[in-house]
Amino acid sequence: MNQKVKIHKDDNVEILAGKDKGKRGSVVRVFEKSGHVRVLVAGCNLVKKAIKRRSEQDAGGIAEVEAPLDISNVGIVCKKCGRPVKVGYKLDGDKKVRVCRKCGEKL
């Protein structure tokens, strides 16, 4: 099942569900794997992870790292509306562009 990914890297998004609901950040990376699309949002969904000590300079221990979120739990934020919105598409000449479904502003 291939679904169209409407959220791309460097988009500003708001988290709609989960422990970080309401937080905003930019998309660092998009993971597409066998029907499950997940996004990594900067500064959100932090989890503690045990890091093994590799060398004397590299300290081990417990670090907080960002974990991926399901793409359904984030919404792209429109610059004009200032709220999370759905994404639509329009043809700009012969180029397809993403637009806000509420106000029609180019994303």
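Quantities reported herein were computed from a predicted structural model and do not represent experimental measurements.
Without hydrogens or angle criteria, Arg98 side chain to Lys6 main chain gives a donor-acceptor distance under 3.5 Å. Lys19 places a side-chain N or O within 3.5 Å of a backbone atom of Leu46 that can act as its donor or acceptor partner.
To the nearest 0.5 Å, the span separating CD1 on Ile76 from CD1 on Ile7 amounts to 6.0 Å. Distance check, rounded to the nearest 0.5 Å: CZ of Arg101 to CG of Leu107 gives 11.0 Å. Here the NZ atom belonging to Lys23 is positioned 14.5 Å from the CG atom belonging to Leu16, to the nearest 0.5 angstrom. Here Lys86 contributes atom NZ and Cys100 contributes atom SG; the two are 12.0 Å apart, rounded to the nearest 0.5 Å. Atom NZ of residue Lys79 and atom CG of residue Asn12 lie 7.5 Å apart, to the nearest 0.5 angstrom. The CG atom of Asp20 sits 11.0 Å away from atom CG of Asn73, with the distance rounded to the nearest 0.5 Å.
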What donor-acceptor contacts under 3.5 angstrom involve side-chain atoms of residues 36-45, with partners at least two apart or in another chain?
unit_1	atom_1	unit_2	atom_2	d
Arg38	NH2	Pro68	O	3.1
Asn45	ND2	Ala67	O	3.1
Asn45	ND2	Pro68	O	3.4

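Between Gly82 and Arg24, the closest heavy-atom pair is O-NH2, 2.8 Å. In plain terms, the two heavy atoms of Val30 and Val27 that are nearest each other are CG2-CG1, 3.9 Å.
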Evaluate Val99 against Val87 for side-chain contact (heavy atoms from CB on, under 4.5 Å), listing each step before the verdict. CA-CA 6 Å; Val99 293; Val87 177; over 6 Å; no
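Here salt bridge (charged side-chain N to carboxylate O under 4.0 Å, His left out) pairs that include residues 44-53, with residues two or more places apart or in two chains, are Lys48-Glu64.
Residues forming a side chain to side chain contact (heavy atoms under 4.5 Å, CB included) with Ser72 (at least two apart in sequence, or on another chain): Asp70.
Cluster annotation: Val85 and Val77 are assigned to distinct hydrophobic clusters (Ile/Leu/Val/Met/Phe/Trp/Tyr, side-chain heavy-atom contacts under 4.5 Å, transitive). Hydrophobic clustering (ILVMFWY, side-chain heavy atoms < 4.5 Å, transitive): Leu69 and Val5 are in one cluster.
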